[in-house]
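Let me begin by presenting the structure, written as structure tokens, before commenting on it.
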Amino acid sequence: MLKHIVMWRFKEGAEGKSRTEHAQWMKEHLEALVGVVPEIRSLEVGVNINPGEAAYDAVLVSTFDDFDAMQRYQKHPAHLEVAAYCKQVREVRSSVDYEI
């Protein structure tokens with residue numbers, strides 16, 4: 001199994017939305033991929049409630065059978081739509097992938 005974690009900090013005012021609104025959009029749209037993208041074993045998105053200089057706005061925690069399954073998820077058309085939006089409104093993105 002593979003754990004895939006991604007954190008984002010969004011641009012305030014991008015596309016006319018606040019950082020929190022972008023985080024909520026990501027939560028709704030990523031969680032909607034469950035059942036659409038067959039490679040997803042589990043997926044959760046958290047929206048930050050603790051503002052601070054080092055804080056990110058949202059985090060994705062997901063699991064896949066293996067690295068290849070995660071790559072198929074990343075290339076799935078439904079995921080690519082969410083990723084395209086994210087690229088326009090994110091300031092910073094960090095990720096880590098590890099076997100469990």
Side-chain angles (χ1 to χ4, degrees):
M1 294 285 286
L2 182 84
K3 182 79 71 169
H4 174 63
I5 300 173
V6 183
M7 297 187 305
W8 303 275
R9 187 173 303 124
F10 298 106
K11 299 175 191 172
E12 184 66 38
E15 304 288 320
K17 295 180 183 174
S18 70
R19 290 169 53 185
T20 302
E21 288 173 315
H22 291 305
Q24 191 61 43
W25 189 98
M26 291 293 292
K27 176 178 177 60
E28 292 169 11
H29 287 80
L30 285 169
E31 290 179 351
L33 297 178
V34 175
V36 173
V37 181
E39 287 80 8
I40 298 170
R41 293 294 162 247
S42 70
L43 186 146
E44 176 182 15
V45 178
V47 175
N48 183 41
I49 62 166
N50 185 13
E53 190 174 305
Y56 282 74
D57 298 313
V59 61
L60 162 71
V61 179
S62 53
T63 57
F64 302 90
D65 287 339
D66 53 31
F67 192 79
D68 290 337
M70 183 193 66
Q71 289 185 313
R72 288 191 303 277
Y73 151 80
Q74 290 176 329
K75 294 176 185 174
H76 191 283
H79 175 265
L80 290 174
E81 288 180 25
V82 177
Y85 173 84
C86 185
K87 287 178 185 177
Q88 293 178 24
V89 300
R90 76 176 184 220
E91 185 176 289
V92 177
R93 177 189 181 274
S94 296
S95 67
V96 64
D97 302 303
Y98 60 92
E99 292 181 341
I100 53 174

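Reckoned from all heavy atoms, side chains included, excluding hydrogens, waters and symmetry mates. Note that the structure is a prediction, hence the values are computed from the model and not measured.
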- With hydrophobic residues grouped by side-chain heavy-atom distances under 4.5 Å, do Trp25 and Val59 end up in a single group? no
- Query: Within a strict 4.5 Å, meaning less than it, do heavy atoms of the Met70 and Asp97 side chains meet?
  - Reply: yes
- Determine whether Glu39 and Asp65 make a side-chain contact, defined as any pair of heavy atoms from C-beta on separated by less than 4.5 Å. no
- Item | Criterion side-chain contact (heavy atoms from CB on, under 4.5 Å) on His76 and Val36, from CA distance to verdict | CA-CA 9 Å; His76 191 283; Val36 173; 4.1 Å; yes
- Value rounded to 0.5 Å, distance of CE in Met7 from CZ in Arg93: 10.5 Å
- Val61 reachable from Leu43 in the ILVMFWY side-chain graph, under 4.5 Å edges: no
- Task: Decide yes or no for Val89 and Trp8: does some side-chain heavy atom of the first lie under 4.5 Å from some side-chain heavy atom of the second?
- Result: no
- Query: Can Met1 be reached from Phe64 by stepping across I, L, V, M, F, W or Y side chains whose heavy atoms are under 4.5 Å apart?
  - Reply: no
- Quick check: are there more than 12 heavy atoms from other residues, nucleotides or ligands sitting under 6.0 Å from CG of Leu80? yes
- Counting distance only, does the side-chain N/O of Thr63 pair as donor-acceptor with the main-chain N or O of Ser42 below 3.5 Å? yes
- Message: Test of understanding: clusters of I, L, V, M, F, W, Y form through side-chain heavy atoms closer than 4.5 Å, transitively. Do Ile5 and Ile40 belong to the same one?
- Response: no
- When every non-hydrogen atom of Val6 is compared with those of Ser95, the smallest separation belongs to CG2-CB, 4.0 Å
- Note on the structure: The reported gap from CD in Glu31 to CD in Glu44 (rounded to nearest 0.5 angstrom) is 7.5 Å
- Query: With no hydrogens and no angle check, is any side-chain donor or acceptor of Arg41 less than 3.5 Å from a backbone partner on Ser62?
  - Reply: no
- Query: Can you name the one residue among Lys27, Met26, Glu21 that meets side-chain contact (heavy atoms from CB on, under 4.5 Å) with Gln24?
  - Reply: Lys27
- Task: Could you label the plane-to-plane angle of the Tyr85 and His22 rings as parallel, tilted or perpendicular, counting under 30° as parallel and over 60° as perpendicular?
- Result: tilted
- In Å, rounded to the nearest 0.5 Å, how long is the span from CG of Leu60 to SG of Cys86? 10.0 Å
- Query: Counting distance only, does the side-chain N/O of His79 pair as donor-acceptor with the main-chain N or O of Gln74 below 3.5 Å?
  - Reply: yes
- Item | Straight-line distance of Asp66 CG to Arg72 CZ, nearest 0.5 Å | 6.5 Å
- Message: Check for me, please, whether Phe10 and Val82 land in the same ILVMFWY cluster - side-chain distances under 4.5 Å, paths through other members count.
- Response: yes
- Task: State the NZ-CD distance between Lys11 and Gln88, to the nearest 0.5 angstrom.
- Result: 8.5 Å
- Message: For a quick test of reading the model, state the closest non-hydrogen atom pair linking Tyr73 to Leu33 and the distance between them.
- Response: CE1-CD1, 4.1 Å
